[in-house]
Visitor: 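Below you'll find the structure I mean.
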Amino acid sequence: MGKYAEDAKQLLRLVGGKENIAAVSHCMTRMRFALVEPSRADVKAIEAMKVVKGSFTQSGQFQVIIGNTVADFYNDFVKEAGIEGVSKDAVKQAAKKNQNVLQRLIAALAEIFAPLIPAIITGGLILGFRNCIDSMYLFEDGTKTLCDISQFWAGIDSFLWLIGEAVFHMLPVGICWSVTRKMGTTQMLGIVLGLTLVSGQLLNAYAVAETAAADIPKWNFGAFQVNMIGYQGQVLPAILAAFTLVYLEKFFRKITPQVISMIVVPFCSLLISVMAAHFVLGPIGWQIGAAISALVFAGITGTFKIVFGAAFGIVYAPLVITGLHHMSNAIDLQLIADFGGTMLWPMIALSNIAQGSAVLGMIWLQRKDPQAQEVNVPACISCYLGVTEPAIFGVNLKRGFPFVCGMIGSGIAAVVCTATGTTANAIGVGGIPGILSIQPQFMASFAICMALAVVISFLLTVIVGKKRLQADQINETTDLTEIAAVTGTSAAAGVMACAMREKETNQSSSDKLTAFLSGKAIPLAEVGDGVFSEGIMGDGMAIIPENDIVYAPADAEVAVLMPESRHACGLKLENGMEVLLHIGIDTVGMNGDGFEYLVQEGQKVSAGTPLIKFDRTKIKKAGHPDVTVCIITEQGNVQNIQFYTGMTVREKETTVADFK
């Protein structure tokens with residue numbers, strides 16, 4: 001009988017038995033189930049198991065977090081269950097049946113826009129900066145802008161539009177590429193299709209409204225004519241055209257003999273999809289997109305705009321939980337294309353700020369609880385910078401009332417936001433830095449809205465929390481200087497991080513972890529993965545790599561390897577500490593492509609020993625971040641672990657953690 005046989009029997013019973021398992025596999029830390037009826041799983045009882053560190057459902061998969069020993073647990077589980085495990089991709093396919101049509105649509109939109117968001121945010125910041133220098137009349141008694149009085153800044157303004165135009169006017173190119181990438185078809189055909197939508201031969205979409213119908217250029221086919229109109233900045237026409245290309249390519253690839261496939265498939269699929277885009281799909285998509293944006297615009301600006309603002313401000317955070325918030329990206333971009341700005345995105349930023357302020361309230365309430373602060377402080381900082389998952393899932397939802405207090409603060413701030421007509425140039429950083437994306441004339445009103453979101457959410461959380469939290473978690477002192485100290489935590493952490501280089505030479509290898517990569521060290525809360533960011537697996541830190549070899553952070557034994565995926569490694573130190581090094585997010589799905597183990601299981605290694613070589617280019621092409629995390633899954637005989645982040649580190653040299 002295996003070590004985990006009894007636990008495996010218990011988990012089998014709690015997930016609903018063998019008949020409720022459509023497929024099962026595992027990755028480095030988690031059991032992944034595709035359940036026939038997910039509601040039959042007793043989640044509370046599963047999470048109460050000693051061997052289980054947590055659970056969550058994502059993309060139709062029920063995932064149970066076991067830790068470094070998941071491979072042994074998995075082997076015992078499949079033996080006890082009398083079933084065979086399958087690949088991760090097979091589990092993903094089986095899990096799709098647990099998603100309804102809307103969930104599949106939202107998931108598809110999320111995957112399409114995710115690779116585009118960094119460019120869109122960059123474009124938004126650039127437009128915001130340009131507005132500050134070419135649209136704010138701050139000089140010569142309010143009659144001139146910085147560009148008016150300085151040729152240098154006028155040149156900067158003109159140069160930056162090169163990037164802004166590429167981001168927003170050429171957006172259909174990115175959308176078509178992203179769709180073909182997601183669907184596994186030829187990405188270059190997607191790029192070409194996108195370019196035909198924004199070609200310089202066509203009338204620019206932004207010039208259509210001011211061009212007389214008779215002056216619009218046309219393709220004349222004798223029996224009929226087609227307007228030569230571009231789709232710069234248009235979202236829906238690009239999505240419709242791209243999916244048409246995808247399914248045409250799959251169709252022609254299926255029916256075409258292999259010997260002529262290279263000629264027939266790309267030619268026929270691209271030609272027909274371009275014709276469909278300009279003759280039918282483009283005009284239809286334009287009208288549908290315009291109707292959607294007009295409806296939202298009417299809600300934000302109409303008679304009941306305050307009601308709309310309150311409702312949106314309150315429900316946006318719950319939408320984040322369901323994943324429906326991804327639809328807002330398409331709506332924002334359509335509003336920008338149709339109305340020159342979006343009044344929806346400022347409310348999204350305010351919702352994020354409100355949830356971060358609720359966490360700030362928890363920081364104040366639990367300021368005497370160091371363990372709670374290890375989660376609270378980084379979650380608050382990341383939320384203020386636009387990454388909400390650590391705050392929402394790691395802090396606010398666990399208590400409940402901070403989440404509701406954040407919703408209320410967001411709703412009130414959104415009312416003021418819509419009442420003042422606050423408008424953003426583009427999607428920006430979804431937190432405090434988002435003010436840079438607001439149109440200059442609305443920056444003051446947005447600052448007021450931010451203040452409301454912060455103050456209301458913070459005060460409500462503190463007031464309610466004093467009644468809800470246990471007395472030993474709360475210090476009744478209300479000294480304002482302590483509040484200031486709380487808000488200065490991140491600065492103190494930065495000072496501590498900078499001091500680490502002086503400390504490195506005074507430590508032995510037995511009481512520290514050295515950098516396992518060269519790059520930027522960041523806290524777990526900024527990783528962007530629900531399990532790692534929330535600290536479910538354990539405390540730790542991460543590095544955004546600049547090199548492609550992971551090194552041992554300390555003298556240890558290689559305890560766990562993943563021969564199939566080769567993307568992670570478990571180490572056990574002499575003091576009993578167990579360390580997990582995990583390359584990238586969701587890279588288990590790459591099935592080992594781009595990863596090479598340089599050590600064997602059971603091998604003794606010293607600090608600085610090469611462990612894994614990985615291909616950063618392949619990881620990024622697969623659509624995954626290459627951020628590499630270091631998790632302390634078991635502390636062993638160690639106490640008082642201190643991690644150091646917010647700095648650039650060098651492999652095998654910089655100390656990233658020390659302990660006693």
Visitor: Measure the OG1-CZ distance between Thr422 and Phe446 for me, rounded to the nearest 0.5 Å.
Guide: 8.0 Å

Visitor: Looking at NE2 of His169 and CG of Asn204, how far apart are the two atoms once the value is rounded to the nearest 0.5 Å?
Guide: 5.5 Å

Visitor: Would you check if Ile585 and Val627 make a side-chain contact, meaning some heavy-atom pair closer than 4.5 Å?
Guide: yes

Visitor: Counting distance only, does the side-chain N/O of Gln232 pair as donor-acceptor with the main-chain N or O of Tyr206 below 3.5 Å?
Guide: no

Visitor: Where does the angle between the aromatic ring planes of Phe297 and Phe339 fall among parallel (under 30°), tilted (30 to 60°) and perpendicular (over 60°)?
Guide: parallel

Visitor: So Trp286 and Tyr231, would you call those rings parallel, tilted or perpendicular, with 30° and 60° as cut-offs?
Guide: perpendicular

Visitor: Can we call the ring centroids of Tyr316 and Phe312 under 6.0 Å apart?
Guide: yes

Visitor: Tell me whether Thr628 contacts the main-chain N or O of Asp626 through its side chain, where contact means a donor paired with an acceptor under 3.5 Å.
Guide: yes

Visitor: Using atom types as modelled and distance alone, determine if a side-chain donor or acceptor of Ser357 lies under 3.5 Å from a backbone N or O of Leu360.
Guide: no

Visitor: May I ask you to test the Met343-Leu335 pair for a side-chain heavy-atom distance under 4.5 Å?
Guide: no

Visitor: Rounded to the nearest 0.5 Å, how far apart are CD1 of Ile336 and OG1 of Thr342?
Guide: 5.5 Å

Visitor: Would a 4.5 Å heavy-atom cut-off, applied to side chains only, mark Pro237 and Leu197 as touching?
Guide: no

Visitor: Between Asn425 and Ile438, is any pair of side-chain heavy atoms under 4.5 Å apart?
Guide: no

Visitor: Considering non-hydrogen atoms only, spot the tightest contact between Ile300 and Leu344 and give its length.
Guide: CD1-N, 4.0 Å

Visitor: May I have the step-by-step check of side chain to side chain contact (heavy atoms under 4.5 Å, CB included) for Ile543 and Ile522, ending in yes or no?
Guide: CA-CA 6 Å; Ile543 296 176; Ile522 61 173; over 6 Å; no

Visitor: Any side-chain to backbone donor/acceptor pair from Ser178 onto Gly174? Under 3.5 Å, distance only.
Guide: no

Visitor: What verdict does the side chain to side chain contact (heavy atoms under 4.5 Å, CB included) test give for Ile156 and Phe159, after you've listed the backbone C-alpha separation in whole Å, the side-chain angles of each residue and the deciding distance to 0.1 Å?
Guide: CA-CA 5 Å; Ile156 291 292; Phe159 173 76; 5.6 Å; no

Visitor: If I compare all heavy atoms of Met541 with all of Ala521, which pair ends up nearest, and what's the gap?
Guide: CE-CB, 3.7 Å

Visitor: Any side-chain to backbone donor/acceptor pair from Asn396 onto Gln355? Under 3.5 Å, distance only.
Guide: yes

Visitor: Tyr137 and Asp148: side chain to side chain contact (heavy atoms under 4.5 Å, CB included), yes or no, with the steps?
Guide: CA-CA 9 Å; Tyr137 294 86; Asp148 292 332; 4.2 Å; yes

Visitor: When you compare the side chains of Gln373 and Asn376, does any donor N or O come within less than 3.5 Å of an acceptor on the partner?
Guide: yes

Visitor: Which atoms form the tightest heavy-atom contact between Met347 and Thr418, and what is the distance?
Guide: SD-CG2, 3.5 Å

Visitor: Looking at side-chain heavy atoms only, is the closest gap between Cys417 and Pro346 below 4.5 Å?
Guide: yes

Visitor: Please walk me through it: do Thr145 and Asp134 pass side-chain hydrogen bond (donor to acceptor under 3.5 Å, both in side chains)?
Guide: CA-CA 6 Å; Thr145 67; Asp134 68 12; over 6 Å; no

Visitor: What closest approach, in Å, do Leu365 and Gly465 show between heavy atoms, and which atom pair accounts for it?
Guide: CD1-CA, 3.7 Å

Visitor: Working to the nearest 0.5 Å, report the span between CZ of Phe243 and CD1 of Ile175.
Guide: 11.0 Å

Visitor: Look at the side chain of Ser457 and the backbone N and O of Ala453, then say whether any donor-acceptor pair between them is shorter than 3.5 Å.
Guide: yes

Visitor: Taking atom CD1 of Ile456 and atom OG1 of Thr461, what is their separation to the nearest 0.5 Å?
Guide: 11.5 Å

Visitor: On a heavy-atom basis, which atom in Gly411 and which in Ile314 lie closest, and how many Å separate them?
Guide: CA-CG1, 3.8 Å

Visitor: Test side chain to side chain contact (heavy atoms under 4.5 Å, CB included) on Asn352 and Tyr384; report intermediate values, then the result.
Guide: CA-CA 7 Å; Asn352 295 347; Tyr384 278 154; over 6 Å; no

Visitor: Would you indicate whether the side-chain heavy atoms of Leu202 and Ile229 approach each other to under 4.5 Å?
Guide: no

Visitor: Identify the two heavy atoms, one from Gln334 and one from Ala290, that lie closest to each other, and give their separation to 0.1 Å.
Guide: NE2-N, 4.2 Å

Visitor: When rounded to the nearest 0.5 angstrom, what distance separates OG1 in Thr420 from NZ in Lys305?
Guide: 8.0 Å

Visitor: Can you find a heavy atom in the side chain of Trp177 that is under 4.5 Å from one in the side chain of Leu116?
Guide: yes

Visitor: Any side-chain heavy atom of Arg181 within less than 4.5 Å of one from Pro115?
Guide: yes

